[in-house]
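This structure is a prediction, so every number in the text was calculated from the model and none was measured. If you read the sequence from its start, that first residue is 1, and numbering goes on from there. The basis for the numbers below is simple: all heavy atoms, side chains too, and nothing from hydrogens, waters or symmetry mates.
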Amino acid sequence: MNRQQILDLYEWAPGVCFRDPDKGEVLTAHVKTIRPAAGGIQDVRACRECVMAMEERRQRAAARKGQPYTPGRLAIE
């Protein structure tokens, strides 16, 4: 899959990227839900560049382990 095909697997909405908060509000995708010790639920969102970096890392890890790689699953794992 190419970059755009991978990005198209995610739903995008305005938000703040957890890895690049200095960018301010940009298009982001939901990548995880966490439950902070202080209580409540917090959605973790990432910008396009960070989503691609995380997908590339997942792909390399899958190759090292000899496992199949399926893009678009950041929020699932």
Side-chain angles (χ1 to χ4, degrees):
M1 292 185 124
N2 69 34
R3 174 185 169 90
Q4 190 58 53
Q5 289 171 317
I6 293 172
L7 293 173
D8 287 346
L9 296 172
Y10 292 93
E11 291 185 35
W12 299 92
V16 176
C17 177
F18 82 103
R19 292 177 72 183
D20 289 319
D22 291 341
K23 288 182 179 179
E25 191 170 88
V26 296
L27 284 179
T28 60
H30 174 257
V31 294
K32 190 163 184 93
T33 299
I34 59 173
R35 297 179 189 334
I41 295 174
Q42 179 70 42
D43 285 335
V44 177
R45 303 190 65 82
C47 68
R48 293 176 182 266
E49 292 80 17
C50 292
V51 165
M52 286 307 300
M54 289 185 283
E55 285 287 359
E56 289 167 5
R57 189 177 68 226
R58 285 184 61 244
Q59 185 176 24
R60 287 191 306 269
R64 278 193 310 271
K65 296 175 185 176
Q67 297 176 341
Y69 162 70
T70 304
R73 301 177 56 90
L74 287 173
I76 296 170
E77 295 179 350

Enquirer: May I ask whether Met54 and Trp12 are part of the same hydrophobic cluster, defined by side-chain heavy atoms of I, L, V, M, F, W, Y residues being less than 4.5 angstrom apart, directly or through others?
Expert: yes
Enquirer: Are Leu7 and Met1 joined in one hydrophobic group, where the rule is that I, L, V, M, F, W and Y side chains link up if heavy atoms are under 4.5 Å apart?
Expert: yes
Enquirer: Could you see if Val44 belongs to whatever hydrophobic cluster contains Ile41? Use Ile, Leu, Val, Met, Phe, Trp, Tyr and a side-chain cutoff under 4.5 Å.
Expert: no
Enquirer: Nearest 0.5 Å please: distance from the OG1 atom of Thr28 over to the CG atom of Asp20.
Expert: 12.0 Å
Enquirer: Tell me whether Arg19 contacts the main-chain N or O of Cys47 through its side chain, where contact means a donor paired with an acceptor under 3.5 Å.
Expert: no
Enquirer: Given side chains that start at C-beta, do those of Arg58 and Leu74 come closer than 4.5 Å, heavy atoms only?
Expert: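 Counting from C-beta outward, Arg58 and Leu74 do come under 4.5 Å.
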Enquirer: Say you draw a straight line from CD of Glu55 to CZ of Arg57; how long is it, rounded to the nearest 0.5 Å?
Expert: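 These two atoms lie 10.0 Å from each other.
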Enquirer: Rounded to the nearest 0.5 Å, what separation is found between the CG atom of Leu27 and the CZ atom of Arg48?
Expert: 5.5 Å
Enquirer: Do other residues, nucleotides or ligands put more than 12 heavy atoms under 6.0 Å from the CD atom of Glu11?
Expert: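 For Glu11, atom CD is not crowded (no more than 12 foreign heavy atoms under 6.0 Å).
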Enquirer: Report yes or no: does Gln5 contribute a side-chain atom to a donor-acceptor pair with the main-chain N or O of Asn2 at less than 3.5 Å?
Expert: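 Answer holds: yes.
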Enquirer: According to a 4.5 Å side-chain heavy-atom criterion applied to Ile, Leu, Val, Met, Phe, Trp and Tyr, with indirect links allowed, do Val16 and Val31 form part of one hydrophobic cluster?
Expert: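 As far as the 4.5 Å side-chain criterion goes, Val31 and Val16 are not connected within one cluster.
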Enquirer: Closest approach of Ala46 and Cys17, non-hydrogen atoms and distance?
Expert: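 That would be CA-SG, 3.7 Å.
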Enquirer: With side chains defined as the heavy atoms from C-beta onward, is the minimum distance between Arg3 and Glu56 less than 4.5 Å?
Expert: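 Answer no - side chains too far apart.
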Enquirer: Indicate yes or no for a side-chain donor-acceptor contact from Arg45 to the backbone of Gly15 under 3.5 Å, with no hydrogens or angles considered.
Expert: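 Side chain of Arg45 to backbone of Gly15: no pair is present.
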Enquirer: Could you tell me if the side chain of Arg60 sits less than 4.5 Å from the side chain of Tyr69, heavy atoms only?
Expert: no
